[in-house]
Asks: 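Submitted below is the structure of interest, expressed as structure tokens.
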Amino acid sequence: MFKNVLTTVLIWLTALIVSGVFVWLLSDIVIHGLPRLSWAFLAEAPKNAGRSGGIGPIIISTLSILLVAMVTATPLSLATAVLLSEFTENDSVIGRLVRRSLDVLAGVPSIVFGLFGNAFFCIYLGLGFSILSGGLTLACMVLPILIRTAEEGLQATPDDYRLAAAALGMSRSATLVHLLLPSAAPALIAGLMLGVGRAVAETAALIFTSGYVDRMPDSLLDSGRALSVHIYDLSMNVAGGDTNAYSSALMLILLLLIINSIAMSLAKQWLHRDIVLYE
Amino acid sequence: MSLSLADKQLAALLWGCALLAAALVLLVLLFLFKESWPVLQHIALIRFFNDTSWHPVDGLYKLTPMLSATFYSTLGAVMLAAPLGIASALFSRYYAPSFLAGCYRRLIELLAGIPSVVYGFWGLTTLAPLIGRLHPPGVSLLTGILVLTLMILPTIALTADAALAAVPAAYLRGAASLGLSRWGLISGVTLPAARPGVTAGIMLAAGRAIGETMAVLMVAGNVVQQPHSLYDSVRTLTANIALEMAYATGDHRAALFVSGLALMCVVLLLVGMAELMSQERRHV
């Protein structure tokens, strides 16, 4: 009896402490970051190594890196997921091999991706420190998440769809395009957003691939500083950069929240969409 | 069923993409090897452990201070985060009223998504000065452990929560019919049943802690030294790579790739162990 009461108290206490610390963290960033956050801050270029001015070019660089990463990773991951769930048996040797190697890739630390990206994209392929190198490195990083979620989404579609389509004499490709992909769309989009979230949050893989330069990038081959790298640089290398770092951190968290809520609402809309067969 | 021509073409395209995706991990390993080869070729591995210090410019490559910093910070973070994370999962599953459980789970999910650089920044501006007041300089192994704990706690809590949810309801009904108390039910029935899943989650979290760069880089002080107390500044293996890659050339750069390779091996070992655990669970 005593043990029961004691553990109940301890577990409530843990929950209280954990939520307390997290509320502390979030409120700290909101309180310090909110006063500086304005449209001007979002649009202006950083001045004086980022101590004053805004984060305009940094947002543009971040979005370009994301765009490169997602444009590369999405088709590749979708194709792999379709192959794994629709064109191979679940326990085939090759399917297991592909899955296992993706599990391994998912476990690779981000700094190791940074090393790889630097050696492969920047130097071996000669892309240099550029948005393209950074985006491609992130694409490698988010690939396992995208494939895993897309595969789960496809596998969750009812087998009735496949059987009905086969009975109607539809080709596999037509089944895929008209039935399976639309009905798996919520899961696909949710997975995509998970990947975007992970990519936005990444710092270590970008320092040696997309670089540090904080001016407006001219092209994808230009170096660009991501928002997370900006926060790191302001807090570690720039004395007196803390206020702008707080605002950038708040912006980063807001960006992640926006991405998440878009994913949620899209998923809901798709869920209510009826599947239409085109003639 | 035989495939139509269009389907065969599609299948070929899909195979191409899948093999590319699967080969990526080999490409990563290949390039890590290629870049570390200059050093591996003419320096015995043992020198990474028994050189006198880490002065790569002078050809001294002792990695043990960084290795022990990584080891201690991961160990500390897992020891703190595992009980807290499991307790969090128990809270939202068995103790909290349902609306509170939902809120709490949402909060944990939110935290799982917060970027590591934000954790590091908060640790540097808020936690480090607090600890510095207790025992200067503040940026220390302890701060690193605390920030890492916050970072991996959501991982442990969410995986433990999923493992607890997968415990068959019949077990719970059986325990209830025997008149077990709530803690009796948890300690005697659900935790043992969920153990493989919980352990796998802890392994994954440990892998994340070892591989984490930014958060520890920002709060641990980055002095290359063997830590003697929790208040010592330390530099982890990942932080070392991030700090020195910017200017490293030649053998120095190759040595950093060697440490990247070592990191990858350790993390892969942990992922493999987590995989084994979850397979064990499937067979039970």
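So you know, we letter chains A, B, ... as the sequences are listed, proteins then strands, and number each from 1.
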Asks: Please flag which part of Leu217(B) lies under 4.5 Å from any non-hydrogen atom of chain A: side chain, backbone, both or neither.
Replies: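 Both backbone and side chain.
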
Asks: With a 4.5 Å heavy-atom cut-off (strictly below), which parts of residues 22-30 of chain A touch chain B? List them by number.
Replies: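 The list, in residue order, reads Phe22(A), Trp24(A), Leu25(A), Leu26(A), Asp28(A), Ile29(A).
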
Asks: With a 4.5 Å cut-off on heavy-atom pairs, point out which of Gly184(B), Cys103(B), Ala21(B), Ala157(B) contacts chain A the most.
Replies: Ala21(B)

Asks: Can you tell me which of Val104(A), Val108(A), Leu256(A) forms the most heavy-atom pairs within a distance under 4.5 Å of chain B?
Replies: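 Going by pairs under 4.5 Å, I would pick Val104(A).
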
Asks: So for Val267(B), is it side chain, backbone, both, or neither that comes closer than 4.5 Å to the heavy atoms of chain A?
Replies: side chain

Asks: For Ser228(A) and Val117(B), which heavy atoms make the closest approach, and how far apart are they?
Replies: O-CG2, 3.5 Å

Asks: For Leu252(A) and Pro115(B), work out which heavy atoms get closest and say how close.
Replies: CD2-CG, 3.5 Å

Asks: Examine whether an atom of Asn260(A) lies under 4.5 Å from a heavy atom of chain B, and if so say whether it belongs to the side chain, the backbone or both; otherwise answer neither.
Replies: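 Looking at Asn260(A), nothing touches chain B.
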
Asks: Quick one: CZ on Phe113(A) to CE on Met264(B), what's the gap to the nearest 0.5 Å?
Replies: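 Here the rounded value is 7.5 Å.
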
Asks: Looking at CD1 of Ile241(B) and CD1 of Ile207(A), how far apart are the two atoms once the value is rounded to the nearest 0.5 Å?
Replies: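 It is 11.5 Å, given to the nearest 0.5 Å.
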
Asks: Please report the closest heavy-atom contact between Met218(B) and Met236(A), naming both atoms and the distance.
Replies: CA-SD, 3.7 Å

Asks: Pick from Thr14(A), Asn4(A), Thr88(A): which one has the most heavy-atom pairs with chain B under 4.5 Å?
Replies: Asn4(A)

Asks: Between chain B and each of Leu10(A), Val82(A), Thr8(A), count heavy-atom pairs under 4.5 Å; write down the option with the most.
Replies: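 When all of Leu10(A), Val82(A), Thr8(A) are compared, Thr8(A) has the most.
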
Asks: Given heavy-atom pairs under 4.5 angstrom as the criterion, report whether the side chain, backbone, both or neither of Leu100(B) touches chain A.
Replies: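 Interface part for Leu100(B): side chain.
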
Asks: Identify which of Thr125(B), Leu30(B), Leu204(B), Thr238(B) forms the greatest number of heavy-atom pairs closer than 4.5 Å to chain A.
Replies: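 The answer is Thr125(B).
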
Asks: Looking only at heavy atoms, which two atoms of Pro97(B) and Trp12(A) are closest? And how far apart?
Replies: CD-CH2, 3.9 Å

Asks: Kindly indicate whether the side chain of Ile108(B), heavy atoms from C-beta on, has any atom under 4.5 Å from the side chain of Val18(A).
Replies: yes

Asks: Check each atom of Leu13(A) against the heavy atoms of chain B and say whether the ones under 4.5 Å are side chain, backbone, both or neither.
Replies: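 The answer is neither part of Leu13(A).
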
Asks: State, with a plain yes or no, whether a side-chain heavy atom of Asn118(A) is found less than 4.5 Å away from one of Arg253(B).
Replies: yes

Asks: Report which part of Tyr104(B) has an atom under 4.5 Å of a heavy atom belonging to chain A: side chain, backbone, both, or neither.
Replies: side chain

Asks: Sort out for me which of Gly123(B), Gly211(B), Ser116(B), Ala242(B) touches chain A most, counting heavy-atom pairs under 4.5 Å.
Replies: Ala242(B)

Asks: Can you tell me how far CD1 of Ile11(A) sits from CG of Leu84(B), rounded to the nearest 0.5 angstrom?
Replies: 11.0 Å

Asks: Testing the basics here: between Asp7(B) and Phe87(A), what is the closest heavy-atom pair and its distance to 0.1 Å?
Replies: O-CE2, 4.2 Å

Asks: Determine, stepwise, if the pair Leu110(B) / Leu257(A) fulfils side chain to side chain contact (heavy atoms under 4.5 Å, CB included).
Replies: CA-CA 8 Å; Leu110(B) 174 70; Leu257(A) 284 181; 3.5 Å; yes

Asks: What residue, out of Ala15(A), Ala174(A), Ser19(A), has the most heavy-atom pairs lying under 4.5 Å from chain B?
Replies: Ala15(A)

Asks: Which atoms of Thr213(B) come close to chain A, meaning under 4.5 Å heavy atom to heavy atom: side chain ones, backbone ones, both, or neither?
Replies: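 Side chain only.
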
Asks: Going from CG on Leu24(B) to CZ on Phe116(A), what distance comes out if it is rounded to the nearest 0.5 angstrom?
Replies: 5.5 Å

Asks: Measuring from Ser259(B):OG to Leu115(A):CG, what's the distance to the nearest 0.5 Å?
Replies: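 Rounded to the nearest 0.5 Å, the OG-CG separation comes to 7.0 Å.
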
Asks: Taking every heavy-atom pair that is under 4.5 Å apart, which of Val118(B), Val28(B), Leu19(B), Leu20(B) has the most such pairs with chain A?
Replies: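 Top count of heavy-atom pairs under 4.5 Å with chain A: Val28(B).
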
Asks: Check each atom of Ile94(A) against the heavy atoms of chain B and say whether the ones under 4.5 Å are side chain, backbone, both or neither.
Replies: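 The side chain, not the backbone.
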
Asks: Checking heavy atoms, do the side chain of Leu105(A), its backbone, both or neither come under 4.5 Å from chain B?
Replies: both

Asks: With rounding to the nearest 0.5 angstrom, report the CG to OG distance, Leu10(B) to Ser171(A).
Replies: 8.5 Å

Asks: Heavy atoms only, distances under 4.5 angstrom: which of Thr126(B), Leu263(B), Leu90(B) has the most pairs with chain A? Name it, please.
Replies: Thr126(B)

Asks: Please flag which part of Ile147(A) lies under 4.5 Å from any non-hydrogen atom of chain B: side chain, backbone, both or neither.
Replies: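 Side chain only.
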
Asks: Using heavy-atom distances under 4.5 Å, tell me whether Arg198(A) contacts chain B through its side chain, its backbone, both, or neither.
Replies: neither

Asks: Might you point out which heavy atoms bring Val98(A) and Ala18(B) nearest each other, and give the distance in Å?
Replies: CG1-O, 4.3 Å

Asks: Under a 4.5 Å heavy-atom cutoff, which of Leu268(B), Leu111(B), Leu256(B) has the most pairs with chain A?
Replies: Leu111(B)

Asks: Given that the side chain runs from C-beta out, which part of Tyr124(A) has a heavy atom under 4.5 Å from chain B: side chain, backbone, both or neither?
Replies: side chain

Asks: Identify which part of Tyr232(A) has an atom lying under 4.5 Å from any heavy atom of chain B, answering side chain, backbone, both or neither.
Replies: both

Asks: Met214(B) versus chain A, heavy atoms under 4.5 Å apart: side chain, backbone, both or neither?
Replies: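 The answer is the side chain of Met214(B).
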
Asks: Quick one: what part of Leu102(A) sits under 4.5 Å from any heavy atom of chain B, side chain, backbone, both or neither?
Replies: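 Only the side chain of Leu102(A) comes within 4.5 Å of chain B.
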
Asks: Would you call Leu234(A) and Phe121(B) a side-chain contact if the rule is heavy atoms closer than 4.5 Å?
Replies: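 SC-SC contact between Leu234(A) and Phe121(B) ruled out.
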
